[in-house]
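All residue numbers refer to positions in the sequence shown, counting from 1. The basis for the numbers below is simple: all heavy atoms, side chains too, and nothing from hydrogens, waters or symmetry mates.
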Amino acid sequence: MPYTAPLSDYEFLLYNVAGLDGIAATDRFADADRDVVSAILNEAGKMCRDVLEPLRRVGDLHPATLENGVVRTPPGFGHGWNAIAEGGWVGISSDPGFGGMGLPMTVATAVNEMMSAACLSLQIAPLMTQGQIEALEHHASDELKALYLPKLISGEWVGTMNLTEPQAGSDVGALSTRAEPNGDGTYAVSGQKIFISWGDNDFSENVCHLVLARLPDAAPGTKGISLFLVPRNLPDENGAPGVANTLNVVSLEHKLGLHGSPTCVMQYDGAKGWLVGEPHKGMAAMFTMMNNARLGVGGQGVGIAEGAYQHALAYAQERKQGRSAPTGTILDHADVRRMLIEMRADTFASRAILLACAGAIDMGHATGDANWIARAAFLTPIAKTFGTETGICVAETGVQVHGGMGFIEETGAAQFYRDVRVTAIYEGTSGIQAMDLVSRKMMDGGEAAARLLDEIEDHAERARATLPELAGPVWEATESLRETTEWLVAQGDMNERFAGALPYLRAFARVLGAHYHLVAALAEPEGPRAKLARFYIHALLPEYTGLLVQAQNGSADLFALSADDLAA
């Protein structure tokens, strides 16, 4: 079954959850009226259906390869990239002064999710490029902006991010890549980076790497890291790609999934680069790109969830097994119904959280209001983690809906699971996101969380008049979540917070999902969204109780077992 973009859900959530009308009422996003947004979503949906979706299986069956130092991408990927570039989808939210559309992040997030559902292997390339564009917009010199941003936004050039090294994964401060001044304002960058998504390709004019490295006088740890822009080909006096820089792809990783996406080991041997931002302030600049990527990766999870759901539903509507009525297919079986409705309900919830986060980012950019900025920061780890874990869970359930055929590669069900599995790992694992939520995001004493919980409870109180059977459980869950939040804030020992961080994040996502389902039920009380909300609130929301018990369990039980005990 070809992928079909869920345009109705996007438009509903953009205006009922993400607040796009309010975003479009600001000066910054005044051009994003309903007609424009509707046209954008429709055109992106067509491109994803007609061009990108056919490439998903191609990329899986014909992986990217490295031939004599040149990365060869799967058949058709160059055509797919051209469709993305020519449609303006790379620069959808970028500065119009450099050729971007300047649309809200909410709209860009919806389009990125569509592309993820259609062909995640290829979508990683524009997502990485968008993150680099944002980092350069905020931190690069005017000269670098003028040269690189138009090329990246147009899709003529592709961007990457280079953080990880063999000995420095999540502990970025342990990196050893060096940058020596050349005496002319440029730097010689030397070192090796691993896990570099789209580190090279055979369809773009240039590949531009953002590389974390240390200057000679750098302090140890993250405080001594600087950021450098290192192109594959050095621009000539006209800004065109010139001679090759002294960098190369050493090898491609052999991965569980995402076979069409070249994940490279990169070697830099005195490669010429330009400093981005201030010396020793590279992490601040890189986090601009990483936060963009975290929202985008959450969208990758939601996109795969949508693709896996559509794939499983189509199979269930055709597969005849046993005696059943009224359709005679497995869609009539109660357990298959349960699986499909869980898939759809969680996909809706994770998409709502994703777009709510994007909406807060837009309002923060448009108004500079500290509360919106704090809301966006608080929601980012939840959107990233719940989006990716929903993608994994829904894809796995999709295999189960197929039964034995789900384990057979020809059906394509397993590819969704293989492709999405890494999303809960890269750009910060689920555990890292959760620890960030209960530490940095609660440095305000839990005020950002409390404001969000207040809004959910107020909405549930108003909903009691018309939907008491749904509003009551949402209010009760929110109050329990508030009590756990207060308990976490009161813990001075961070290990006590970290021990239950992931269950807490999952519980918060469950409650947020219930809130947005309640919003949908109130907007359409007799429609299918109300029916889906009843299922979510009655069947899935109760999971929060066990999760909150885990969140407050503390660290004692985790550390009671010694290393020897674990090996016994």
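Side chains of T347 and E306: a donor-acceptor N/O pair is absent below 3.5 angstrom, by distance only. Between the side chains of Y309 and T397, no donor N or O sits under 3.5 Å from an acceptor N or O.
Taking a cutoff of 4.0 Å between a charged side-chain nitrogen and a carboxylate oxygen, R482 and E486 do not qualify as a salt bridge. Taking 4.0 Å as the cut-off between side-chain N and carboxylate O, K46 and D50 do not count as a salt-bridged pair. Under 4.0 Å is where a charged nitrogen must lie from a carboxylate oxygen, and between D362 and R28 no such pair does.
For R451, the CZ atom sits in a packed shell: over 12 heavy atoms of surrounding residues, nucleotides or ligands are nearer than 6.0 Å. Atom CD of Q400 has 12 or fewer heavy atoms from other residues, nucleotides or ligands within 6.0 Å. Atom CD of E469 is surrounded by more than 12 heavy atoms from other residues, nucleotides or ligands within 6.0 Å.
No donor-acceptor pair under 3.5 Å is formed between the side chain of K441 and the backbone N or O of A374. A donor-acceptor pair under 3.5 Å is formed between the side chain of H333 and the backbone N or O of Q321. At least one donor-acceptor pair under 3.5 Å links the side chain of R497 to the backbone N or O of L488. Here the side chain of S350 pairs no donor or acceptor atom with the backbone of F386 at under 3.5 angstrom. Looking only at distances, a side-chain donor or acceptor of T411 sits under 3.5 Å from a matching main-chain atom of M405.
Using the six-membered ring where Trp is involved, H517 and F348 have ring planes that are tilted, between 30° and 60° apart.
The shortest side-chain heavy-atom distance between L379 and L295 does not fall under the 4.5 Å cut-off.
The salt bridge (charged side-chain N to carboxylate O under 4.0 Å, His left out) analysis of residues 390-413, with sequence neighbours excluded, yields the pairs E409-R418.
Take E496 and apply the side chain to side chain contact (heavy atoms under 4.5 Å, CB included) test, not counting sequence neighbours, and it matches Q491, D493, S555.
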